[in-house]
Number of protein chains: 2
Amino acid sequence: MRIGEIAALVGLTTRAIRHYHHVGLLPEPVRLPNGYRTYTVRDAVLLARVRRLTELGLGLDEVRDVLADDAGRDLAEVLEELDADLARQEADIRERRSRLAALRAAPPGATEPVSPALADLFAKAPATGSPSAALDRELLTLLDTAGEGGADVYAALGPIAADPAVLALYERLDELADAPPDDPRIPGLADALVAAVPDAVFDAIPGDGGTGAVAPAVVEALLAEYAPAQAEVVRRVMEAFVRRGRR
Amino acid sequence: MRIGEIAALVGLTTRAIRHYHHVGLLPEPVRLPNGYRTYTVRDAVLLARVRRLTELGLGLDEVRDVLADDAGRDLAEVLEELDADLARQEADIRERRSRLAALRAAPPGATEPVSPALADLFAKAPATGSPSAALDRELLTLLDTAGEGGADVYAALGPIAADPAVLALYERLDELADAPPDDPRIPGLADALVAAVPDAVFDAIPGDGGTGAVAPAVVEALLAEYAPAQAEVVRRVMEAFVRRGRR
DNA sequence: TAGAAACCCTGCCGTTGCGGCAAGGTCAAG
DNA sequence: CTTGACCTTGCCGCAACGGCAGGGTTTCTA
């Protein structure tokens with residue numbers, strides 16, 4: 001048989017067969033005077049074995065091992081390992097599909113695939129035009145991905161999410177967008193913000209202090225997001241939290 | 001933030017982030033005078049989005065598409081496609097695992113992962129030292145892989161698999177290993193073999209004639225497996241089948 | 001008997017999402 | 001001043017082939 005014929009017989013492509021020769025999985029067969037490979041029925045039997053094994057999901061290296069060991073002993077071992085691997089993959093896929101399903105179930109404006117707990121929180125909070133509030137949402141989304149905060153934090157934030165008074169605070173912060181860094185409204189707003197956050201939120205935050213386990217460079221980058229006066233407010237709020245953490 | 005800091009923040013490696021820049025998934029950020037990349041919180045939010053999407057199983061191209069389209073509309077579409085893909089993969093893995101389970105359930109000497117129907121047939125036939133019988137087994141295994149014969153053929157072969165008279169025929173074929181191609185025992189054995197195969201087997205074979213849909217080169221390769229006198233027997237048997245097919 | 005279709009050959013590049021490694025430059029602390 | 005921990009670019013490797021280039025052979029067909 002020539003390569004195309006044996007390929008059709010065992011259900012492989014000629015490319016695959018040549019590949020197997022190339023990587024040493026199968027020895028090169030005898031050549032005709034014109035250079036064509038000629039295969040015997042034995043080769044077909046071998047190739048069929050290879051096909052069955054690869055279809056089960058074995059890699060070519062493993063197939064080579066199984067073919068080398070005449071005893072079927074090694075095969076059982078390899079198959080067990082393979083099954084474990086497939087089980088892991090299957091669980092993995094199911095995991096992803098379930099998260100996908102949860103994500104697809106809540107399409108109204110949900111531009112972000114966040115955890116269910118955070119999605120709940122966002123659902124409670126009314127959509128607002130406040131840039132500061134939008135930034136907060138982004139930060140929560142970020143921490144959600146990083147796995148920093150737990151669901152506890154979101155739950156603790158729940159009660160104030162829908163509070164109109166909180167929205168008013170965001171608007172006061174927005175108003176500082178073009179204010180100088182010594183604007184007189186800063187201290188009062190910072191105090192109001194600190195007071196607005198219930199202790200439960202603070203307790204739910206893991207780590208050492210008010211800024212959690214966040215590196216200094218991250219804090220710096222965060223402050224850079226705000227206008228000068230707003231950054232000053234945020235800085236004061238964070239300091240207050242750190243003090244609260246030391247208590 | 002520098003690259004290591006943002007990587008730790010969103011749970012990626014620096015290599016991955018640089019890779020995203022490299023393939024154009026994310027624009028290169030501003031550089032410090034020393035050449036270091038500096039990231040903002042915005043970048044972190046973006047990277048977090050990328051991480052969530054890739055963790056769901058999207059490819060980088062798809063992530064790029066989703067990030068490009070500001071509307072979430074395209075996202076829903078991509079997610080649907082992704083879910084279908086994952087479903088397919090999951091079914092695939094389950095398929096393989098079930099075949100694997102069937103294979104692992106029957107370990108006694110089963111060196112070959114064949115279809116259940118063929119495994120049944122092999123279980124019926126006693127293990128024999130006959131080389132001819134062994135070759136037949138290999139051929140059946142081969143055809144089993146190729147998906148040529150169906151379970152019908154195996155079922156039709158069942159009744160004669162355990163027949164001691166069939167074994168005797170194999171032994172007569174073995175005895176021709178060193179015989180000349182004009183050995184007088186040839187015609188009688190060929191007739192006996194043809195007579196031994198029930199019509200049901202023939203009826204179960206798909207395709208046009210006695211040799212099924214097998215190409216001439218395959219037949220040639222098959223005959224090359226036998227000693228001259230044995231090949232002559234096999235040739236006569238096949239011819240008889242072809243004649244039977246024309247009837 | 002030519003021409004075209006259908007085979008065959010070797011060899012190299014592309015795929016996916018990074019990890020590893022090499023060969024440097026930079027910056028903080030001891 | 002020297003570690004050591006960062007950062008930079010860039011190229012190779014991975015699994016199992018598919019595609020293509022560039023060329024020879026065989027076989028069918030007009």
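Every heavy atom of this structure was used, including side-chain atoms; hydrogens, water molecules and symmetry mates were not. Just so we're on the same page: letters track the sequence lines, and every chain starts at 1.
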Length of the CE-P vector between Met1(B) and dC6(D), whole Å: 16 Å

His19(A) side chain, from C-beta outward: closest of dC9(C), dG17(C), dC17(D): dC17(D)

Closest-nucleotide ordering on DNA chain C, the 5'-leading residue of Tyr39(A) and Ala16(B): Tyr39(A)

Under 3.5 Å donor-acceptor, Arg96(A) side chain and Leu56(B) backbone: yes

Output a table of nitrogen or oxygen pairs between the protein and nucleotides 11-16 of chain C separated by less than 3.5 Å.
none

Validation row: Arg37(A), Pro29(A) side chains within 4.5 angstrom (heavy atoms): yes

Heavy-atom check, side chain of Leu46(A) versus side chain of Leu67(A), under 4.5 Å: yes

For atom CG of Leu25(A) and atom P of dC17(D), their distance in whole Å: 10 Å

Sub-4.5 Å side-chain heavy-atom contact between Met1(A) and Thr38(A): no

Phosphate OP1/OP2 of dT10(C): any Arg31(A) side-chain N/O under 4.0 Å: yes

d(CG, Leu47(A); P, dC17(D)) in whole Å: 12 Å

Interatomic distance, Arg18(B) CZ vs dC21(C) P [rounded to whole Å]: 15 Å

Ring-face cation of Arg2(A) near Tyr39(A) (centre distance under 6.0 Å, axis angle within 45°): no

Under 4.0 angstrom between Arg37(A) side-chain N/O and dC7(C) OP1 or OP2: no

Tyr36(A) six-ring face occupied by Arg31(A) cation (under 6.0 Å, within 45°): no

Touch class at under 4.0 angstrom, heavy-atom based, for Thr54(A) against every strand present: nothing

Donor-acceptor pair, side chain of Glu62(B) and main chain of Gly59(B), under 3.5 angstrom: yes

Flag if over 12 foreign heavy atoms under 6.0 Å of CD, Glu220(B): no

Side-chain N or O of Thr13(B) closer than 4.0 Å to phosphate OP1/OP2 of dG19(C): yes

Spacing of Leu32(B) atom CG relative to dT8(D) atom C1', expressed in whole Å: 12 Å

5' priority, DNA chain C, between Ile17(B) and Thr14(A) [closest heavy atom]: Thr14(A)

Distance in angstrom units between Ile3(B) CD1 and dG25(C) C1', rounded: 16 Å

Contacts of Asp83(B) that satisfy side-chain contact (heavy atoms from CB on, under 4.5 Å) - sequence neighbours left out: Arg97(A), Leu100(A), Arg104(A)

Pick out the pairs of N or O atoms, protein on one side and nucleotides 27-29 of chain C on the other, that lie under 3.5 Å.
from    : atom 1 : to       : atom 2 : distance (Å)
dC27(C) : OP1    : Asn34(B) : ND2    : 3.2

